[in-house]
There are 2 protein chains.
Amino acid sequence: MDHDILRLLDLAERLGNLAEARLKAVALPHGLQPVHARILLYLSAANRYSNTPQAVAEYLGLTKGTVSQSLILLEDKGYLRRVADTHDRRIVRLEPTPAGDDLVREMQRRGAGGFAVAARDLPEGLLAGLTQLLRRLQQLEGRRSFGVCRSCRHHLAEGRGRWRCGLTGEPLKAADRRRICREHESVAEGRDDAGAA
Amino acid sequence: MDHDILRLLDLAERLGNLAEARLKAVALPHGLQPVHARILLYLSAANRYSNTPQAVAEYLGLTKGTVSQSLILLEDKGYLRRVADTHDRRIVRLEPTPAGDDLVREMQRRGAGGFAVAARDLPEGLLAGLTQLLRRLQQLEGRRSFGVCRSCRHHLAEGRGRWRCGLTGEPLKAADRRRICREHESVAEGRDDAGAA
DNA sequence: CATATACGTGTCGTATCGATACATTATCGT
DNA sequence: ACGATAATGTATCGATACGACACGTATATG
């Protein structure tokens with residue numbers, strides 16, 4: 001059993017290497033490194049509570065300083081812009097520019113190209129199983145889970161296609177529910193009983 | 001479908017990050033970086049055709065130059081030793097010293113510690129599915145698969161607990177069959193064993 | 001209202017990794 | 001024996017990641 005988890009993590013690392021190599025091939029011609037690509041990809045999927053430098057650092061497991069430098073580069077190249085928050089003036093919001101959105105789409109297209117064939121006929125619960133594993137490990141390490149809004153324990157359905165975030169009280173649009181949230185908490189596994197969802 | 005593979009790769013990267021952080025915590029007190037730890041872990045699992053600097057570089061997706069420097073450090077610290085090959089004197093074999101084996105065991109123990117709980121009750125085919133995916137992607141990228149000997153198309157059973165490698169013609173001991181081989185090729189298409197070992 | 005504390009962000013200096021290019025040595029094919 | 005090929009090692013260079021510090025803002029406390 002100990003060996004299984006180790007082999008899983010080794011597989012994850014090697015898969016990650018492949019993904020990074022692919023990302024690099026797409027990003028390098030634009031003068032970007034894989035890290036920059038990952039930041040842009042995250043920001044294109046993050047919701048309005050989660051598009052700050054701090055959130056980027058936590059998501060990718062980097063320090064603020066490291067992220068800050070990458071953000072400067074991305075802004076200089078015109079792939080994202082900083083927007084001052086209106087309510088809390090400490091906070092800087094990061095929004096991909098149209099050029100940034102284009103690049104994200106290109107990376108998704110060329111990143112998936114060819115790979116999609118390889119992903120056919122894979123076991124049903126692969127995605128769900130991996131997600132579950134990641135959640136648990138991140139909880140063990142005291143890190144945020146960064147799940148999609150819809151799967152959060154604070155996500156409230158109010159009927160007739162209306163939803164609300166129980167943490168902030170704000171209403172949620174359909175598109176919001178698919179985005180990544182920094183405040184995400186798993187539904188069933190708030191406690192450490194590790195019960196299968 | 002396109003999105004599924006992208007989410008899978010994103011999950012893999014994040015899992016890999018966690019694994020690397022854990023590895024770092026174990027390796028740093030010994031004056032080693034995560035990369036050095038991964039090299040040592042690979043060498044402890046590689047078979048006699050696959051314990052060369054070149055193989056390490058291919059397995060981890062690094063260049064020879066990078067690996068060469070890490071090997072110097074690992075040798076200086078006494079965790080591995082270089083052994084000249086008797087038949088082909090260009091080749092240098094890398095073998096963990098007893099101290100290196102100890103460190104590998106410590107990393108396996110402390111790396112799995114705590115994580116093993118998280119791996120309970122995961123879907124059955126998770127390991128096999130990930131292995132299969134990795135094989136296919138590596139084949140697409142023209143990279144070697146580095147599977148375990150037993151799952152290779154060159155692996156021949158001769159009955160009565162005797163096996164042979166169809167590529168080199170050499171007989172295989174039981175322990176050899178569990179090791180990672182650089183010349184590994186998948187059996188047919190897909191039918192890999194994830195090696196419940 | 002004044003102060004103290006916490007938080008988010010950005011900057012600078014340092015260490016280390018990873019890649020490219022080149023040099024060296026050994027083996028293999030003819 | 002000789003050129004081609006392959007594996008390894010070395011040197012240099014760019015870039016990333018980290019840590020410590022500084023600054024402005026928000027929030028709590030009296």
Side-chain angles (χ1 to χ4, degrees), chain A residues 13 16-17 20-21 23-25 27-28 30-40 43 46 48-77 80-95 144 182-183, chain B residues 13 16-17 20-21 23-25 27-28 30-39 43 49-77 80-94 144 182-183:
Chain A
E13 290 236 34
N17 281 353
E20 186 167 334
L23 218 53
K24 190 175 185 175
L28 212 65
H30 297 273
L32 299 180
Q33 298 290 329
V35 198
H36 307 140
R38 297 206 69 201
I39 291 178
L40 211 52
L43 288 176
R48 61 177 176 275
Y49 309 130
S50 316
N51 57 356
T52 68
Q54 181 83 349
V56 171
E58 288 172 4
Y59 185 81
L60 295 180
L62 306 174
T63 60
K64 303 168 296 182
T66 302
V67 171
S68 180
Q69 291 178 338
S70 294
L71 292 179
I72 293 173
L73 189 143
L74 281 170
E75 194 181 18
D76 284 350
K77 287 193 175 288
L80 67 82
R81 65 164 175 275
R82 291 172 153 88
V83 179
D85 186 277
T86 47
H87 293 65
D88 187 336
R89 297 226 302 271
R90 290 174 301 183
I91 293 177
V92 173
R93 308 244 161 246
L94 306 168
E95 301 177 355
R144 299 175 187 268
R182 187 187 176 194
E183 307 293 343
Chain B
E13 290 236 35
N17 281 352
E20 185 167 335
L23 218 54
K24 189 175 185 176
L28 212 64
H30 297 274
L32 299 179
Q33 299 289 331
V35 198
H36 307 139
R38 296 208 69 202
I39 291 177
L43 288 175
Y49 309 130
S50 315
N51 57 355
T52 67
Q54 181 79 354
V56 171
E58 288 172 5
Y59 184 82
L60 295 179
L62 306 175
T63 59
K64 304 167 297 183
T66 302
V67 171
S68 180
Q69 292 176 340
S70 295
L71 292 179
I72 292 173
L73 188 143
L74 282 169
E75 192 180 19
D76 284 350
K77 287 194 175 288
L80 67 83
R81 65 165 174 273
R82 292 172 154 86
V83 180
D85 187 275
T86 47
H87 293 66
D88 187 336
R89 298 226 303 270
R90 290 173 301 184
I91 294 177
V92 174
R93 309 245 160 244
L94 307 167
R144 298 175 188 269
R182 187 188 176 193
E183 306 291 344

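Letters A, B, ... mirror the listed sequences (proteins, then strands); counts begin at 1.
- Atom CD in A:Gln54 sits roughly 6 Å away from atom C1' in C:dG8 (whole-Å rounding).
- Heavy atoms of A:Thr52 sit under 4.0 angstrom from primed sugar atoms or phosphate atoms, though from no base atom.
- Between B:Leu23 atom CG and B:His36 atom NE2 the span is 11.5 Å, to the nearest 0.5 Å.
- As a whole-Å value, the separation of A:Ile72 CD1 from D:dA15 P is 15 Å.
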How far apart are the C-alpha atoms of A:Leu71 and A:Val92, what are their side-chain angles, what is the distance that settles it, and do they pass the side-chain contact (heavy atoms from CB on, under 4.5 Å) test?
CA-CA 11 Å; A:Leu71 292 179; A:Val92 173; over 6 Å; no
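- Closest contact between the side chain of A:Lys24 and the listed nucleotides C:dA19, C:dG8, C:dC12 involves C:dA19.
- Out of C:dG8, D:dG9, C:dG13, the shortest distance to the side chain of B:Ser68 is found at D:dG9.
- Put simply, CG on A:Asp85 is 11 Å from C1' on C:dG8, counting in whole angstrom units.
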Could you walk me through whether B:Leu32 and B:Leu74 pass the side-chain contact (heavy atoms from CB on, under 4.5 Å) check?
CA-CA 8 Å; B:Leu32 299 179; B:Leu74 282 169; 4.0 Å; yes
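- How far CD of A:Glu58 is from NZ of A:Lys64: 10.5 Å, rounded to the nearest 0.5 Å.
- Mapped onto DNA chain D by nearest heavy atom, A:Lys64 and B:Gln69 fall at different nucleotides, with B:Gln69 at the one closer to the 5' end.
- In the helix from C:dC1-D:dG30 to C:dT30-D:dA1, the end axes, each obtained as the rotation axis mapping the C1' atoms of four pairs onto the next four within a five-pair block, lie 30° apart to the nearest 10 degrees.
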A:Leu94 and A:Arg82: side-chain contact (heavy atoms from CB on, under 4.5 Å), yes or no, with the steps?
CA-CA 5 Å; A:Leu94 306 168; A:Arg82 291 172 153 88; 4.0 Å; yes
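- Residue B:Val92 has its side chain nearest to D:dG9 when only C:dG10, C:dC12, D:dG9 are considered.
- For B:Val35, the listed nucleotide lying nearest its side chain is C:dG18; candidates were D:dG9, C:dT11, C:dG18.
- Atoms NZ and CG, from A:Lys77 and A:Leu40 in turn, are 12.5 Å apart once rounded to the nearest 0.5 Å.
- Following rounding to the nearest Å, B:Arg82 (CZ) and D:dA7 (P) show an atom-to-atom distance of 16 Å.
- Nearest to the side chain of B:Leu62, among D:dG9, C:dA19, C:dT11, sits C:dA19.
- Whole-Å rounding puts the B:Leu32 CG to C:dA15 C1' distance at 16 Å.
- Between the CD atom in A:Gln54 and the CZ atom in A:Arg90 there is a gap of 10.5 Å [rounded to 0.5 Å].
- At a threshold of 4.0 angstrom between heavy atoms, the contacts of A:Gln33 are confined to the sugar-phosphate backbone, with no base atom among them.
- For the atom pair OG (B:Ser50) and CZ (B:Arg93), the distance works out to 8.5 Å, reported to the nearest 0.5 Å.
- Whole-Å rounding puts the A:Tyr49 OH to C:dG8 C1' distance at 19 Å.
- We find that CG of B:Leu71 is positioned 12 Å from P of C:dG18, with the value rounded to whole Å.
- Distances from the side chain of B:Thr66 to the nucleotides D:dT8, C:dT9, C:dA19 place C:dA19 closest.
- To the nearest 0.5 angstrom, A:Glu13 atom CD is 8.0 Å from B:Asn17 atom CG.
- Counting to the nearest Å, the C1' atom of D:dA17 and the CG atom of B:Asn17 are 13 Å from each other.
- Checking C:dA19, D:dG19, C:dC17 against the side-chain heavy atoms of B:His36 singles out C:dC17 as nearest.
- Along DNA chain D, the nucleotide nearest A:Leu73 and the nucleotide nearest A:Thr86 are compared for position; the residue whose nucleotide lies closer to the 5' end is A:Leu73.
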Please write out each protein N/O paired with an N/O of nucleotides 26-29 of chain C under 3.5 Å, distance rounded to 0.1 Å.
from	atom 1	to	atom 2	distance (Å)
C:dT27	OP1	B:Arg89	N	3.0

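- Contact annotation: the side chain of A:Ile39 never approaches that of A:Gln33 to less than 4.5 Å [non-hydrogen atoms, C-beta and beyond].
- Note on A:Arg93: nothing from the nucleic acid sits closer than 4.0 angstrom, heavy atoms only.
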